[in-house]
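Note sheet for the following structure.
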There are 2 protein chains.
Amino acid sequence: MFDVLLAHIQEKVTLSATDVAVLKSFFIPKKLRKRQYVLQEGDVCKYLLFVEKGLLRMYHVDEKGTEHMIQFAWEGWWMADTYSFLSGDVSEYNIDAIEDAELLMITLDNFEALLLQVPVMERYFRILFQNNIISKEKRLVNTISYSAEEKYTRLAATNPQLLQRIPQNLIASYLGITPETLSRIRKKLMKSK
Amino acid sequence: MFDVLLAHIQEKVTLSATDVAVLKSFFIPKKLRKRQYVLQEGDVCKYLLFVEKGLLRMYHVDEKGTEHMIQFAWEGWWMADTYSFLSGDVSEYNIDAIEDAELLMITLDNFEALLLQVPVMERYFRILFQNNIISKEKRLVNTISYSAEEKYTRLAATNPQLLQRIPQNLIASYLGITPETLSRIRKKLMKSK
DNA sequence: TAAACGGCTTGATCTACATCAAGTGTTTTT
DNA sequence: AAAAACACTTGATGTAGATCAAGCCGTTTA
């Protein structure tokens, strides 16, 4: 159950046997069916989630009812509405499962206790958050600097796994374009090679 | 020279007198004229910057030569191309001064040394990066979920200081729209109230 | 095993915003 | 103090991508 999480942490910092025991004690395991929510708009994001297995998405729904994908997370990824989780304010986002999933969840209180009791976790999360900032910055630059077709080809070049595992309509939403436009772009790219 | 930085850190964590001395020893002060570069596309981002005074911008230039604002930073803000700074790869971004500025700069080696010698700084940067993630997430959601006019009114509501201090054409670029469109939006909003 | 639904495609039409261009006031440079 | 460069505006025109609509599988669901 903790295999993926412990491997992920030990790539970045060293944990003692007691660290591992303490760490395990703070997490709640949870299984999810496809389409099941972990967080719904209007609720507070009570947990920081780690995906041991499966695939989640976080998305925002605008006034017209259109979904906008914020992030995907599969094995080895963390997910939460960071703002809601840390502030305790209600979330404007939704998180649900695209594939059946197994999660490890930690509350804010336990997260803070973990950082105090296992100080190397400060370093682990600092590094994790650094990497998160880098990928968010890249995503933003792609979103504001390129055309629909360029955005797609750049995603295909840098994140091919995403295209294999995630339905096209969700990819379209992630890129900020309609499924129709993505379909046409792909058709055009198929022809040209 | 260190007033703003120390105040900023001590809002989040407690520093001893020796911590403060060590910390100061790791930073290089630098003064910048308006329009002066701190980072140019093609160079490595050698420093993590803290703005003691003045105003900087980080931006990306696409193939057509159009600038896309990634971030602004004034008194009390950190700035760097996080990816280039941490990886040592060349940067695709530019950082320069919109107003004359006074900076405190730290190299990656010194940044890492600082984290080891003053361990509470791990916590400080973890918190800082958390907040950075939150604001980047909000920015992304605004960028992909709303029309040009909505993006502008939302920015005006949440970051009015930005509109007062930063030229309109840079605001337009930050919102991912043209200066002409922003000008028309503002005209329309003026009328309607 | 029939029916309902979800994901993808293709075509016709529409529109928000970009682009191009020209003019005005203001700041910077020489 | 003149000239050049910059920031902003306004108008005319163009277009990438959205929207609307219909049809085609493949897969859940009853």
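A note on names: the letters A, B, ... follow the listed sequences, proteins ahead of strands, and every chain is numbered from 1. Computed from a predicted structure; not experimentally measured.
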| request: Using heavy atoms to find the nearest nucleotide of DNA chain C for B:Lys34 and B:Ser147 separately, return the residue whose nucleotide is more 5′. | output: B:Ser147
| message | If I take atom CD1 in residue A:Ile98 and atom C1' in nucleotide D:dT27, what distance separates them, rounded to the nearest angstrom? | response | 18 Å
| query | How many Å lie between CD on A:Glu67 and P on C:dG7, as a whole number? | reply | 10 Å
| Below 3.5 Å, does any donor atom in the side chain of A:Arg184 face an acceptor in the base of D:dT19, or the other way round? | yes
| said: Using whole Å, what does the distance between atom C1' of nucleotide D:dC8 and atom CG of B:Leu189 come to? | reply: 16 Å
| task | Figure out the CD/P separation between A:Gln168 and D:dC24, and round it to whole Å. | result | 19 Å
| task | For residues A:Trp78 and A:Phe125, establish whether the separation of their ring centroids is below 6.0 Å. | result | yes
| Between A:Tyr174 and A:Phe72, does the ring centroid distance fall short of 6.0 Å? | yes
| task | Round to a whole Å and report the spacing from CG of A:Leu182 to C1' of D:dA18. | result | 14 Å
| said: For a quick test of reading the model: is some side-chain N or O of A:Lys187 closer than 4.0 Å to OP1 or OP2 of C:dT10? | reply: yes
| Should B:Ser183 be listed as having a side-chain N or O under 4.0 Å from OP1 or OP2 of D:dT9? | yes
| message | Here's a test of your reading of the structure: between B:Arg35 and A:Pro167, which maps to the more 5' nucleotide of DNA chain C? | response | A:Pro167
| Any chain of hydrophobic side-chain contacts (each under 4.5 Å) joining B:Leu5 to B:Met121? | yes
| query | Starting at the 5' end of DNA chain D and moving along, which residue's nearest nucleotide shows up first, A:Ala148 or A:Glu180? | reply | A:Ala148
| remark: When rounded to whole Å, the NZ to P distance for the pair A:Lys151 and D:dA16 reads 14 Å
| note | In whole angstroms, the gap separating C1' of C:dC8 from CG of A:Leu163 amounts to 15 Å
| task | Would you indicate whether the side-chain heavy atoms of B:Leu140 and A:Thr143 approach each other to under 4.5 Å? | result | yes
| said: Under 4.0 Å from OP1 or OP2 of D:dA18: is there any side-chain N or O of A:Thr178 that close? | reply: yes
| query | Taking only N and O in the side chain of B:Asn169, is any of them less than 4.0 Å away from OP1 or OP2 of D:dC6? | reply | no
| said: For the residue pair B:Lys46 and B:Phe85, would you count it as a cation-pi contact if the rule is NZ or CZ under 6.0 angstrom from the ring centre and within 45 degrees of the ring axis? | reply: no
| task | Please state how far atom NZ in B:Lys188 lies from atom P in C:dA16, giving the value in whole angstrom units. | result | 9 Å
